[in-house]
Amino acid sequence: MLLTVQLTKMGTDWFAGKEIATAMAIFVNSWPAGVAISLLVLPAIGTAYGAGAVFLVAGALTAIGIVLITFYQAPPGATASAAGSGRLDPLALLAVIVAGAIWGLYNVGFAMIFSFGPSLLAERGWSIAAAGSAISLVMWLSVISVPAGGYLADRFKRPFVLAIVASLVVAGLLAWLTRSDAVITILVLIGLIGGHPAGPIMSLTARVLVPETRAIGMGVFYTLFYAAMMLGPAVAGRLAKSADTAAVALDLGALTVLACPPLMWLFERIVSVRHRRARS
């Protein structure tokens with residue numbers, strides 16, 4: 001978690017005011033790409049050499065990442081003076097909280113697919129292996145859709161429109177998944193569209209944070225994200241257990257994604273008010 005906060009700040013330092021959505025999309029894409037590669041490679045290593053070898057490989061890759069960080073150079077002007085103010089003004093803090101809530105809620109919806117999608121398909125008679133393979137389509141396709149969404153947001157200068165439209169479509173697809181037999185088609189669509197909001201959402205904080213406040217701002221942002229990711233699956237699990245079906249969890253995911261567009265509008269209003277006050 002500490003590494004994630006720091007890396008997000010590092011990316012924002014370099015790309016704030018530039019191709020920030022594309023940069024954040026590429027950064028975020030490291031997670032599904034890494035998971036997809038590990039799902040492909042680590043089982044083979046474990047089968048051939050045992051579970052211990054899997055942990056050794058994961059540890060070695062982590063060590064390589066730590067070594068690479070030592071070569072990082074901050075961009076000019078990104079290093080805040082110790083005497084500079086690192087405090088967030090109230091509106092900037094509120095904007096960061098809203099941005100963190102958006103990212104958290106969107107990821108809760110996405111997490112429902114991996115957490116409860118296989119169970120949903122198993123309820124319909126799919127084998128666990130077949131269900132897992134089908135759900136993995138979302139992860140593989142998101143490796144393409146996440147950077148594509150960031151590029152489109154920067155290319156057409158409409159990150160909010162892209163994020164809102166994609167969120168509404170994903171919410172509809174999640175709700176449709178629990179009510180349709182066209183499972184593969186829906187999962188492919190989720191994978192192709194679901195990654196588009198990632199870059200635009202991750203770039204929100206760059207609009208209200210300056211170099212002096214990015215470290216604390218990213219900490220607040222990820223606090224909201226991890227809180228949502230902790231509570232969301234737990235609530236979904238209890239609901240699924242009570243209803244005796246995983247479909248309820250997917251419906252909850254659809255609702256959390258559906259909550260993102262109004263919060264994006266709220267973020268835009270907060271930023272607008274903050275800019276007006278700064279000019280006055």
### Query
Which heavy atom of F160 sits nearest a heavy atom of M264, and at what distance?
CE2-O, 2.9 Å

## Note on the structure
Value for CZ (R207) from CD (E268), rounded to nearest 0.5 Å, stands at 4.5 Å

### Query
What pair of heavy atoms forms the shortest contact from D13 to P75, and how long is it?
O-CG, 3.5 Å

### Message
Applying side chain to side chain contact (heavy atoms under 4.5 Å, CB included) to F221 and L204, what does each step give before you reach the verdict?
### Response
CA-CA 10 Å; F221 176 85; L204 292 177; 5.9 Å; no

#### Entry: side chain to side chain contact (heavy atoms under 4.5 Å, CB included) assessment of F114 paired with M139
CA-CA 9 Å; F114 309 112; M139 184 69 77; 4.0 Å; yes

### Query
In Å and rounded to the nearest 0.5 Å, what is the CD1 to CD1 distance from I135 to I113?
7.5 Å

#### Entry: Cluster link Y49 to F55, ILVMFWY, side chain under 4.5 Å
no

### Query
Is the closest side-chain heavy-atom distance between L209 and L88 below 4.5 Å?
yes

### Polar side-chain atom of S145 near backbone of G191 as donor-acceptor pair, under 3.5 Å
yes

### Query
Would I69 and L3 satisfy side chain to side chain contact (heavy atoms under 4.5 Å, CB included), going step by step from the backbone distance to the final call?
CA-CA 10 Å; I69 290 177; L3 182 63; 3.2 Å; yes

### Point-to-point distance, once rounded to the nearest 0.5 Å, from CG of L152 to CZ of R158
13.5 Å

### L263 to A101 - nearest heavy-atom pair and separation
CD1-CB, 4.4 Å

### Message
For residues I26 and Y72: do they belong to one hydrophobic cluster (side chain heavy atoms under 4.5 Å, members Ile, Leu, Val, Met, Phe, Trp, Tyr)?
### Response
no

### Message
side chain to side chain contact (heavy atoms under 4.5 Å, CB included) for V28 and T8? Distances and angles first, verdict last.
### Response
CA-CA 9 Å; V28 172; T8 307; over 6 Å; no

### Query
Quick one: does M218's side chain get under 4.5 Å of T12's, heavy atoms only?
yes

### Summary
Residue set satisfying side-chain contact (heavy atoms from CB on, under 4.5 Å) with N29, at least two apart, ordered chain then number -> P32, V143, V146, P147

### Message
Can you list everything that forms a side-chain contact (heavy atoms from CB on, under 4.5 Å) with A246? Sequence neighbours excluded, please.
### Response
F116, S119, L120, E123

### Query
Heavy atoms, side chains only, cut-off 4.5 Å: are M112 and T256 in contact?
no

### Message
Tell me if a side-chain donor or acceptor on T22 pairs with a main-chain N or O of G150 at a distance below 3.5 Å.
### Response
yes

### Task
Check whether I64 and I45 end up in the same hydrophobic cluster, where Ile, Leu, Val, Met, Phe, Trp and Tyr are linked by side-chain heavy atoms less than 4.5 Å apart.
yes

### Message
Does the plane of the ring in Y106 sit parallel, tilted or perpendicular to the ring in F110? Use 30° and 60° as the thresholds.
### Response
parallel

### Task
Return the minimal non-hydrogen interatomic distance between C260 and L105, and the atom names on each side.
SG-CB, 4.0 Å

### Query
Do L255 and V170 belong to the same hydrophobic cluster, where Ile, Leu, Val, Met, Phe, Trp and Tyr are linked whenever their side-chain heavy atoms lie under 4.5 Å apart, directly or via other members?
no

### Summary
Correct closest heavy-atom pair for A99 and T205 would be CB-CG2, 4.2 Å

### Task
With sequence neighbours left out, write down each residue that passes side-chain contact (heavy atoms from CB on, under 4.5 Å) with V183, or none if nothing qualifies.
L121, R124, W126, L177, L187

### Task
First locate atom CG of L162, then atom CZ of F156, and finally report the distance between them rounded to the nearest 0.5 Å.
10.0 Å

### Task
Apply side chain to side chain donor-acceptor pair (under 3.5 Å) to R276 and S272, showing your working.
CA-CA 6 Å; R276 286 201 302 270; S272 178; 3.1 Å; yes

### Query
Rounded to the nearest 0.5 Å, what separation is found between the OG1 atom of T178 and the CG atom of L252?
12.0 Å

### Task
Indicate if L168 and L266 have the same hydrophobic cluster label, given that clusters are the connected sets of ILVMFWY residues with side-chain heavy-atom separations under 4.5 angstrom.
yes

### Task
Output the distance between atom CG (L192) and atom CD1 (I144), rounded to the nearest 0.5 Å.
7.0 Å

### Message
Using every non-hydrogen atom in the two residues, find where P262 and L258 come nearest and quote the distance to one decimal.
### Response
CD-O, 3.4 Å

### Query
Going by heavy atoms in the side chains, are D251 and R179 under 4.5 Å from each other?
yes

